[in-house]
Amino acid sequence: MSNETKSLLTKYGVCFGIASLITFAVFWIKGFFTDNVAVNIQILADGFFVAGALLTLFAGMLFVSGEGALLGISFVLRNVVLAFIPMGRTKHEVYAEYRERKLSKMKKSSDHCVLFTGLFFLLIGVTLTIIWYVKFYNMLP
């Protein structure tokens with residue numbers, strides 16, 4: 001196995017582990033082991049859906065920040081901090097220069113392990129929700 005393959009498998013393992021921890025945290029908070037099968041399927045669906053949604057949204061934030069959409073906020077915050085530092089305004093640069101400098105330093109990530117893991121958990125959550133709806137929706141008291 002090459003180092004690149006091991007690195008990618010490690011990233012997927014970490015993402016899967018984090019998603020599993022989130023899922024089990026939801027199970028634990030909601031009290032998974034009940035006598036009612038319908039409630040257990042609801043809790044399973046909630047756990048997988050929450051983990052999948054969080055990882056998918058995090059992947060979206062990584063993509064947006066990687067494209068430079070949040071550079072304006074960091075530019076403003078940097079200038080606010082520099083305004084309170086003595087002689088800080090001597091390091092002033094215009095936004096175009098700041099954006100060009102930051103975008104040249106950014107590295108583009110080619111692996112999408114957070115996105116794929118999030119979508120996998122989201123798919124399991126949606127599938128369990130559909131199963132619960134078809135089998136148990138009208139049966140709950």
Side-chain angles (χ1 to χ4, degrees), residues 1-85 87-141:
M1 234 186 227
S2 69
N3 285 337
E4 185 178 320
T5 306
K6 287 181 184 178
S7 172
L8 189 62
L9 287 176
T10 303
K11 289 179 183 179
Y12 273 101
V14 168
C15 290
F16 190 83
I18 290 171
S20 297
L21 283 176
I22 294 169
T23 303
F24 288 124
V26 172
F27 292 168
W28 183 57
I29 289 169
K30 289 191 153 227
F32 178 64
F33 299 106
T34 63
D35 293 333
N36 194 342
V37 175
V39 174
N40 283 341
I41 291 178
Q42 274 183 322
I43 293 170
L44 275 171
D46 289 346
F48 281 104
F49 187 84
V50 167
L54 286 176
L55 261 67
T56 305
L57 291 172
F58 183 69
M61 283 299 295
L62 287 175
F63 173 75
V64 167
S65 67
E67 293 295 316
L70 303 176
L71 286 178
I73 296 170
S74 66
F75 177 75
V76 169
L77 291 175
R78 179 179 178 266
N79 283 336
V80 167
V81 170
L82 287 177
F84 292 107
I85 296 175
M87 301 301 290
R89 300 297 285 178
T90 58
K91 302 174 187 173
H92 180 70
E93 63 184 337
V94 295
Y95 179 68
E97 294 169 354
Y98 178 80
R99 183 175 171 84
E100 183 180 328
R101 181 173 56 87
K102 287 292 188 177
L103 285 177
S104 67
K105 289 182 182 178
M106 284 186 177
K107 64 174 188 165
K108 298 285 182 172
S109 178
S110 61
D111 58 331
H112 304 289
C113 61
V114 176
L115 176 66
F116 291 144
T117 306
L119 289 176
F120 177 72
F121 273 73
L122 197 62
L123 179 69
I124 293 172
V126 169
T127 304
L128 288 169
T129 301
I130 291 170
I131 290 170
W132 173 82
Y133 183 78
V134 168
K135 296 284 185 185
F136 300 106
Y137 181 68
N138 293 326
M139 297 175 69
L140 290 177

Can you tell me how far the [atom1] atom of [X] sits from the [atom2] atom of [Y], to the nearest 0.5 Å?
X      : Y      : atom1 : atom2 : answer
Leu122 : Leu115 : CG    : CG    : 10.0 Å
Asp46  : Thr23  : CG    : OG1   : 11.0 Å
Leu103 : Tyr98  : CG    : OH    : 10.0 Å
Asn40  : Gln42  : CG    : CD    : 9.5 Å

Of all heavy-atom pairs between [X] and [Y], which one has the smallest distance, and what is that distance?
X      : Y      : answer
Thr56  : Leu119 : OG1-N, 3.6 Å
Leu123 : Thr127 : O-OG1, 2.7 Å
Trp132 : Ala38  : CD1-O, 3.3 Å
Leu70  : Met61  : CD1-CE, 4.2 Å
Thr129 : Ala45  : OG1-CB, 3.4 Å
Leu55  : Ala19  : CD2-CB, 3.9 Å

Would you find more than 12 non-hydrogen atoms of other residues, nucleotides or ligands less than 6.0 Å from Phe58 atom CZ?
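Not buried by this count: 12 neighbours or fewer within 6.0 Å.
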Return yes when atom OH of Tyr95 has more than 12 non-hydrogen atoms of other residues, nucleotides or ligands closer than 6.0 Å, and no otherwise.
yes
Ring pair (Phe, Tyr, Trp, His ring centres under 6.0 Å) partners of Phe116, counting only residues at least two apart
none
Between the main-chain N or O of Leu71 and the side-chain N or O of Ser74, is there a donor-acceptor pair closer than 3.5 Å?
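Yes; judged by distance alone, with no hydrogens or angles, the pair exists.
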Any donor-acceptor pair under 3.5 Å from Thr117 side chain to Cys113 backbone
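Yes; judged by distance alone, with no hydrogens or angles, the pair exists.
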Stepwise side-chain contact (heavy atoms from CB on, under 4.5 Å) test for Val126 and Phe49:
CA-CA 7 Å; Val126 169; Phe49 187 84; 4.1 Å; yes
Would you say that [X] contacts [Y] through its side chain, given a criterion of any heavy-atom pair below 4.5 Å between the two side chains?
X     : Y     : value
Phe27 : Phe48 : yes
Ile22 : Ile18 : yes
Ser7  : Lys11 : yes

Phe121 and Phe16: CA distance, side-chain angles, deciding distance, ring-ring contact (aromatic ring centres under 6.0 Å, His included) verdict:
CA-CA 9 Å; Phe121 273 73; Phe16 190 83; 5.3 Å; yes
Quick one: do Glu93 and Arg78 make a salt bridge, cutoff under 4.0 Å?
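Answer for the salt bridge query: yes.
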Taking atom types as modelled and ignoring hydrogens, do the side chains of Thr5 and Ser2 form a donor-acceptor contact shorter than 3.5 angstrom?
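Present: a donor and an acceptor within the cut-off.
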Test Val134 against Ile130 for side-chain contact (heavy atoms from CB on, under 4.5 Å), laying out the working first.
CA-CA 6 Å; Val134 168; Ile130 291 170; 4.3 Å; yes
